Amino acid sequence: MSNAKTKKTPPSMDEWLKKAKAAPASLQEGMFLVHNGVVRQTSKAKVRQGLDDDLPVKGMDFAYDAAKVEAAIAETNKMTGIFHVQVWLNEGRLEVGDDIMYLLIGGDIRTRVIDALQFLVEKIKTECVTEIEEK
């Protein structure tokens, strides 16, 4: 996992989209989707499993395995109709409201872009990152 302790500055989505639309593959793309994961005050256990421990999240320690992220990006790029995949992950000590990740997916049609986004977010969240919530 990444060892940096300081959170990063998030990217500009305007710049990402500008670059993606300037690429030759953009002529085949009919849709771009952006995902922005954010540290929330409600715990993962409460949101996903309905467990109510009444303790708000104060922050999160976040790290990732860069090689696994690159492999997940490569796998997503191989999906039918997907022509652009870009990922930014934060790291270190994050506070409630801080950005965890940004993803930009571009492809030919809506269903393929949505499927690719869901695939990549799930892959990153389950195989590539470590999130430790502090309460």
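In what follows, every heavy atom counts, from backbone to side chain, and hydrogens, waters and symmetry copies are set aside. Note that the coordinates shown come from a computational prediction; the quantities given were computed from them, not determined experimentally.
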For this session: For side chain to side chain contact (heavy atoms under 4.5 Å, CB included), just list the numbers for Leu104 and Phe32, CA-CA rounded to whole Å, side-chain angles, deciding distance to a tenth of an Å, and then say yes or no.
Result: CA-CA 7 Å; Leu104 176 64; Phe32 288 94; 4.0 Å; yes
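- Atom OG1 in Thr76 sits 6.0 Å away from atom CD1 in Ile105 (nearest 0.5 Å).
- Cluster annotation: Val121 and Met79 are assigned to the same hydrophobic cluster (Ile/Leu/Val/Met/Phe/Trp/Tyr, side-chain heavy-atom contacts under 4.5 Å, transitive).
- Both Ile114 and Phe119 are part of a single hydrophobic cluster, where members link through side-chain heavy atoms under 4.5 Å apart.
- How far CD1 of Ile73 is from NZ of Lys68: 14.5 Å, rounded to the nearest 0.5 Å.
- Here the SG atom belonging to Cys128 is positioned 10.0 Å from the CD atom belonging to Glu70, to the nearest 0.5 angstrom.
- With Ile100 as reference, Leu94 is the one residue of Leu94, Asn90, Val38 to meet the side-chain contact (heavy atoms from CB on, under 4.5 Å) rule.
- Evaluation of the side-chain hydrogen bond (donor to acceptor under 3.5 Å, both in side chains) rule for Glu29 yields no partner, not counting sequence neighbours.
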For this session: Would you sort out whether Ile124 and Met101 count as a side chain to side chain contact (heavy atoms under 4.5 Å, CB included), showing the intermediate values?
Result: CA-CA 10 Å; Ile124 288 172; Met101 70 176 72; 3.8 Å; yes
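- Between Glu95 and Lys7 there is no salt bridge, since none of the side-chain N atoms of the basic residue sits less than 4.0 Å from a carboxylate O of the acidic one.
- The shortest heavy-atom contact between Tyr102 and Pro11 is CD1-CD, 3.7 Å.
- Across all their heavy atoms, Met31 and Arg110 have their closest contact at SD-CA, 3.3 Å.
- Under the 4.5 Å side-chain heavy-atom criterion for Ile, Leu, Val, Met, Phe, Trp and Tyr, Met13 and Leu103 are members of distinct hydrophobic clusters.
- By the 4.0 Å N-to-carboxylate-O rule, Asp108 lies close enough to Arg112 to be salt-bridged with it.
- Of all the heavy atoms in Gly106 and Val113, the pair that sits closest is C-CG2, 4.2 Å.
- Side chains of Asp99 and Asn36: a donor-acceptor N/O pair is present below 3.5 angstrom, by distance only.
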For this session: Check the pair Leu89 / Val87 against side chain to side chain contact (heavy atoms under 4.5 Å, CB included), numbers first and verdict last.
Result: CA-CA 7 Å; Leu89 297 172; Val87 174; 3.9 Å; yes
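- The hydrophobic clustering, which links ILVMFWY residues whose side-chain heavy atoms are closer than 4.5 Å, places Leu117 and Val129 together.
- To the nearest 0.5 angstrom, Glu133 atom CD is 9.5 Å from Thr42 atom OG1.
- The side-chain heavy atoms of Glu134 and Arg93, taken from C-beta on, include a pair separated by under 4.5 Å.
- In this structure, Lys8 places its NZ atom where more than 12 heavy-atom neighbours from other residues, nucleotides or ligands lie under 6.0 Å away.
- The NE2 atom of His84 lies 14.0 Å from the CD atom of Gln28; values are rounded to the nearest 0.5 Å.
- How far CD of Gln86 is from CH2 of Trp16: 4.5 Å, rounded to the nearest 0.5 Å.
- The two residues Gln41 and Val96 make their nearest non-hydrogen contact at N-CG1, 3.9 Å.
- If you chain together hydrophobic residues whose side chains sit under 4.5 Å apart, Leu120 and Phe83 never meet in one group.
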